[in-house]
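Worksheet: one structure, shown below.
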Protein chains: 2
Amino acid sequence: MSEALELDVGAAGDALNKLTIVFDRRRQVGDQIYDALKKSIVSLQLPPGVSISENRICRQIGVSRTPVRAAIIRLVEDGLIEVFPQKGSFVAPIKLSAVRNNHFTRKALEIAVLGRACLVWTPEVAARSRQILMRQAAALAEGDLERFHDLDEAFHRSFCSAAALEGVWSTIQIAKARVDRVHRLASGQGRLPLVITEHGDILEALDVGDAERAAERLDYHLERAPAIMETLLGTYEKYFVE
Amino acid sequence: MSEALELDVGAAGDALNKLTIVFDRRRQVGDQIYDALKKSIVSLQLPPGVSISENRICRQIGVSRTPVRAAIIRLVEDGLIEVFPQKGSFVAPIKLSAVRNNHFTRKALEIAVLGRACLVWTPEVAARSRQILMRQAAALAEGDLERFHDLDEAFHRSFCSAAALEGVWSTIQIAKARVDRVHRLASGQGRLPLVITEHGDILEALDVGDAERAAERLDYHLERAPAIMETLLGTYEKYFVE
DNA sequence: TGGACCAAACTTGTATACTAGCATCCATGT
DNA sequence: ACATGGATGCTAGTATACAAGTTTGGTCCA
């Protein structure tokens, strides 16, 4: 049993951003709010600076403040929301220093995982990654950006599965969440087809067992977003700090 | 203004574990409870399996359930507490798979950071790390284990400062928290003086600019705890799962 | 003595009420 | 006109009350 609710989260004076939450009574309310808010923030549907008033949100989706607060606590931990006691809670700006640090973190971990994956790279696991890549290409062709990003995540995650290091993914995911908004901004530049190409390059290197080249290709792939970021600083000045 | 309170957190039937919280009215209650609980869990003062009843804790330290819940939410995120709805909350057992994954994570990140630190290794930053090491040796000589572990953390963290990657430390810290209990168990084996030696080895390699050897020494240093863990599985069987 | 059942005492999840700090705006006084 | 002070309504932090499910322990009966 589930019901759809619509959440208006527009900041005063800003354009209204609508966030739809489909409630599933079996899952805890707090978890669902967390997922919905996180997705909206990472996808920039809730841009940096927007007010996340506990009262307004809980009124609009018809629950109490308690589960909303639980979700916000976790999002603060994720670095996606900033809370100023007695003043308000806001979608965190994109901190340049945090982007640098978490980009480093993500790259170091993904490259390390890739090294392990290369050691156990078999046609079976290769097929799994390649299938995700093909679905990602299809999503791009259909213009389904949300699915594109979901499959992008699945692709990178597949190396963790291959290396039997699934638990490392949760850490990568946290670092990734802190830099993903930059990727989203960068993806507005029509470079999405290159993502498919670069993913393919990584798989090719793995297929021939060239760990070094695979790592180099992954490095290159991940390094392009920060480079593009520099060019975005002017356009989206409001989103960034430091 | 602050006041000291004592918290009995003994599980039914177990020996009582006392946790003292010194409240500082300027800081938020939830944050202080989080710090206190985290420290007690990581230090094994609150061993795996112990019940963390929200009601009992909030009654004993004289606050409401709300800030206690806030702390628990964050500790769940850290993997240190498990919550079973309508059943109870307990100090999480040490999951072998999680230890493996987070050990991998921590090692990959610390080695990557060390590589960067080596590039900018100057006598000044070397002196900072070496001073921490000396204080750690002093803490060991005095038998102050708590300070020993605090300074151990400071030592590892100093490489992040040196590499201007302070933000990476927060990620390392999370992974570290998930494996630290193993280190604590292993430290009961009288190998603490070796920690000082190994830390010194890393600094020596950095001093001569040998990045590869520094990484190798760090790898060796971090790798010994999991090795010892195998021998502890029998003794502390109750603490582990999977 | 053993088993079944029920009640009471727990657990966490959620809702509501209250507190204290901060911002804004309007009224008042100079 | 301008500055100041205060009422008002916002914020998050904390406290309390209620709901719903689980465990436990004891009692009653066979």
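Note that the structure is predicted; figures quoted are calculated from it, not measured. Chain A is the first sequence line, chain B the second, and so forth, proteins listed ahead of strands; every chain is numbered from 1.
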Report task. Would you kindly compare A/Thr66 and A/Ile72 by the position of their nearest DNA chain D nucleotide and give the one closer to the 5′ end? Result ->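 Per heavy-atom nearest nucleotide, the more 5' residue is A/Ile72.
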Rounding to a whole Å, what distance do you find between [X]:[atom1] and [N]:[atom2]?
| X | N | atom1 | atom2 | result |
| --- | --- | --- | --- | --- |
| B/Tyr34 | D/dG13 | OH | P | 16 Å |
| A/Ile57 | D/dC10 | CD1 | C1' | 15 Å |
| B/Arg59 | D/dA17 | CZ | P | 14 Å |
| B/Ile73 | D/dG13 | CD1 | C1' | 14 Å |
| A/Arg56 | D/dG9 | CZ | C1' | 15 Å |
| A/Gln28 | D/dA19 | CD | P | 19 Å |
| B/Arg26 | D/dG13 | CZ | P | 18 Å |
| A/Glu82 | D/dA12 | CD | P | 13 Å |

Query - 5′-ward residue of the pair A/Arg27/A/Lys87 relative to DNA chain C - result: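 In this pair, the answer is A/Arg27.
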Query raised in the report: Is B/Asp31 salt-bridged to B/Arg74, cutoff N-O under 4.0 Å?
Result: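 Salt bridge flag = yes for B/Arg74 with B/Asp31.
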Query raised in the report: When B/Val91 is tested against each of B/Leu80, B/Val50, B/Leu37, B/Leu44 for side-chain contact (heavy atoms from CB on, under 4.5 Å), which residue passes?
Result: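 Result: among B/Leu80, B/Val50, B/Leu37, B/Leu44, B/Val50 is the only option passing the side-chain contact (heavy atoms from CB on, under 4.5 Å) with B/Val91.
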Query raised in the report: Has B/Arg65 got a side-chain N or O lying under 4.0 Å from the OP1 or OP2 atom of D/dT14?
Result: no
Query - N/O (side chain, B/Gln86) to phosphate O (OP1/OP2, D/dA20) under 4.0 Å - result: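 It does not, given that no N or O in the side chain of B/Gln86 lies less than 4.0 Å from OP1 or OP2 of D/dA20.
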Do other residues, nucleotides or ligands put more than 12 heavy atoms under 6.0 Å from [X] [atom1]?
| X | atom1 | value |
| --- | --- | --- |
| B/Lys38 | NZ | yes |
| B/Glu237 | CD | no |
| B/Arg116 | CZ | no |

Query raised in the report: Any chance the rings of A/His221 and A/His156 have centres within less than 6.0 Å?
Result: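 Yes, ring centres under 6.0 Å apart.
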Query raised in the report: Taking 5' to 3' order, which nucleotide of DNA chain C is first and which is last to have an atom within less than 4.0 Å of a heavy atom in chain A?
Result: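 Listed 5' to 3', the contact boundaries are C/dG13 to C/dG21.
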Query - A/Asn102 side-chain N/O to A/Thr105 backbone N/O, donor-acceptor pair under 3.5 Å - result: no
